There are 2 protein chains.
Amino acid sequence: MHQPILTASQRARRQPAESRLAASAPLSRAESEGPISRTERKERTRQRLIDGALALIGRGRSYTSLSLREIAREAGVVPAAFYRHFRDLDELGLALVEMGGVTLRRLLREARRDGIPPTDMIRGSVLIYKRYVEERALVFRFIAAERAGGSRILRNAIRTEDGHFASEMAQDLRALGVMPDLSSASLQMICGLVVTTMLNAASDILDLPRGQPVQEQEMVANFVRQLRLIFLGAKHWRE
Amino acid sequence: MHQPILTASQRARRQPAESRLAASAPLSRAESEGPISRTERKERTRQRLIDGALALIGRGRSYTSLSLREIAREAGVVPAAFYRHFRDLDELGLALVEMGGVTLRRLLREARRDGIPPTDMIRGSVLIYKRYVEERALVFRFIAAERAGGSRILRNAIRTEDGHFASEMAQDLRALGVMPDLSSASLQMICGLVVTTMLNAASDILDLPRGQPVQEQEMVANFVRQLRLIFLGAKHWRE
DNA sequence: ATATTGAGTGAACATATGTTCACCTAAAGA
DNA sequence: TCTTTAGGTGAACATATGTTCACTCAATAT
């Protein structure tokens with residue numbers, strides 16, 4: 001999707017519906033469904049800008065180095081249209097941060113739903129997490145990178161999101177009854193360390209060269225041992 | 001230093017030596033010392049480019065978003081001169097990474113020289129580290145940001161540097177005789193976790209709003225507890 | 001049926017960018 | 001002494017950028 005959106009009449013004139021290439025037309029299904037509500041169309045373009053930014057990140061660019069025009073181009077929209085949705089790049093960035101927060105929380109939700117692997121809990125969780133990260137590579141690349149990298153506004157937003165993630169994790173651990181004699185404050189501190197370790201590992205996971213199983217297993221093994229170390233410390237923690 | 005370097009004759013014609021402002025002329029001392037060796041002048045300009053990049057980082061920009069022209073301008077050099085020192089921005093970045101590595105290792109060297117604070121070891125070390133980071137804010141901002149943020153080349157270079165830092169730390173801990181019954185591999189793993197925790201904390205330290213002692217103390221306390229947790233885990237670690 | 005609204009357009013703007021090139025000149029080498 | 005070398009210059013280039021503006025036209029509101 002690299003061509004600006006056209007009005008319906010222009011589209012009909014220049015490009016008959018049956019000639020569209022499915023691969024490059026994510027909205028083709030909807031386009032053949034006739035009239036679209038105004039708010040729905042707006043939401044769709046907004047999403048296209050977000051996806052455009054992520055697509056560029058997926059091609060190895062870092063969010064901080066993206067330009068407004070580049071994102072608009074990727075979204076198939078004229079640069080000026082960007083301003084109908086976001087004041088500036090930071091505001092788009094904040095939308096991405098929120099998406100990242102949702103992604104993180106969903107990981108916990110799925111863990112609650114599916115339960116923790118009963119044997120070899122940490123290693124099992126790490127493998128699930130690794131897969132989760134790989135399947136959502138773009139969001140995690142963004143979060144991991146901008147956590148320390150981008151504008152101050154984004155950094156702070158991500159820090160807040162991380163904090164919520166850690167809190168929710170602490171709550172879940174408490175509900176599971178593990179480490180029942182730890183204060184909430186200690187649990188929060190421990191989960192904070194777990195979260196930074198996880199996000200640091202996310203960066204490692206995403207930079208793994210594919211087809212190097214040895215290096216991959218070493219990375220996983222190291223990640224597992226670091227988490228074991230943390231939880232071992234937690235087991236012996238006295239306030 | 002925002003004006004391009006001029007040749008000696010031009011300089012003499014336009015700007016008599018006694019009219020220079022010391023503040024904006026870091027090389028003024030040398031300039032009044034007569035002829036400079038070629039390699040020395042080259043090294044000096046190179047350093048000026050590096051310092052220029054760091055200065056821009058210090059003004060809240062992230063390295064990934066810097067442009068060649070911006071850096072050259074900051075260094076007081078014409079854009080084309082950049083190429084006499086670095087092939088491209090990544091190569092300058094690598095120089096900054098190396099500077100970061102040196103900075104990290106010097107921290108260990110000073111710790112060996114001055115010894116670890118005998119009582120309250122971890123808290124004492126944290127306070128020393130915090131001060132060390134604040135005094136070298138620009139390098140640490142760069143390292144913390146580009147560790148997960150920038151180009152793949154820089155990320156890998158920083159990972160390598162981090163690894164060396166962790167290894168040297170492991171070696172030092174071994175030499176100090178703490179945790180003597182841990183294997184080298186385990187020590188290395190533990191130090192890896194300590195390093196990522198330290199660098200993550202560096203980012204937090206640099207983002208502390210000044211004049212907010214409460215928030216500052218909370219941050220420090222949290223950092224201290226996380227390290228305590230890690231070393232407590234290490235104490236109970238069995239292979 | 002008609003008027004209003006607002007997402008998206010395309011052109012224009014001033015400015016910034018990376019890279020190249022021939023050139024200058026002072027240090028290094030003969 | 002004279003020649004060579006190479007760091008630094010300034011101009012030029014094609015291209016990219018953020019932002020503005022009047023405009024279109026289909027979905028909404030009247």
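Small disclaimer: the values here were computed from a predicted structure and weren't measured. The figures that follow rest on heavy atoms only: side chains count, while hydrogens, waters and symmetry mates do not. In what follows, chains are A, B, ... by sequence order, proteins preceding strands, each numbered from 1.
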### Task
Starting at atom CG of L66(B), determine the distance to atom P of dG18(C), rounded to an integer number of angstrom.
10 Å
#### Entry: Between C1' of dG6(C) and CD of E43(A), the distance in whole Å
16 Å
### Task
Could you identify which residues of residues 79-86 of chain B place a heavy atom less than 4.0 Å from some atom of DNA chain D, listed by residue number, or say none?
A80(B), A81(B), R84(B), H85(B)
### Query
5'-most contact on DNA chain C: D88(B) or T39(B), nearest heavy atom basis?
D88(B)
### salt bridge (Lys or Arg N to Asp or Glu O under 4.0 Å) against D162(B), all qualifying residues, sequence neighbours excluded
R147(B)
### Message
What is the separation between atom CG on L89(B) and atom P on dT17(C), rounded to the nearest whole Å?
### Response
11 Å
#### Entry: Distance, rounded to the nearest Å, where R73(A) contributes CZ and dG8(C) contributes P
18 Å
Do any side-chain atoms of residues 90-98 of chain A form donor-acceptor pairs under 3.5 angstrom with protein atoms, and if so which ones, sequence neighbours left out?
from, atom 1, to, atom 2, distance (Å)
D90(A), OD1, S151(A), OG, 3.1
E91(A), OE2, R87(A), N, 3.4

### Task
Between R69(B) and T45(B), just flag the one whose closest nucleotide in DNA chain D comes earlier from the 5' side.
T45(B)
### Query
Side chains of N222(B) and E218(B): donor-acceptor distance under 3.5 Å anywhere?
no
### Query
With sequence neighbours left out, what residues match Q226(A) under side-chain hydrogen bond (donor to acceptor under 3.5 Å, both in side chains)?
none
### Summary
For E43(A), the salt bridge (Lys or Arg N to Asp or Glu O under 4.0 Å) test, sequence neighbours excluded, returns none
### Task
Considering just the side-chain nitrogens and oxygens of R87(A), establish if one lies under 4.0 Å of OP1 or OP2 belonging to dT19(D).
no
### Message
Just the rounded figure in Å: distance from C1' of dG6(C) to CZ of R46(A).
### Response
17 Å
### Task
In whole angstrom, give the distance that lies between atom CG of L49(B) and atom C1' of dG7(D).
12 Å
### Query
Backbone N or O of L89(B) within a donor-acceptor pair of the Y63(B) side chain at under 3.5 Å?
yes
### Message
Distance check needed: dA6(D) C1' versus R38(B) CZ, whole Å only.
### Response
5 Å
### Query
Side-chain N or O of S67(B) less than 4.0 angstrom from OP1 or OP2 on dT17(C)?
yes
#### Entry: Any residue meeting salt bridge (Lys or Arg N to Asp or Glu O under 4.0 Å) with R155(A), in chain and number order, not counting sequence neighbours
D207(B)
## Note on the structure
Rounded to whole Å, the CZ-C1' distance (R44(B) to dA6(D)) equals 17 Å
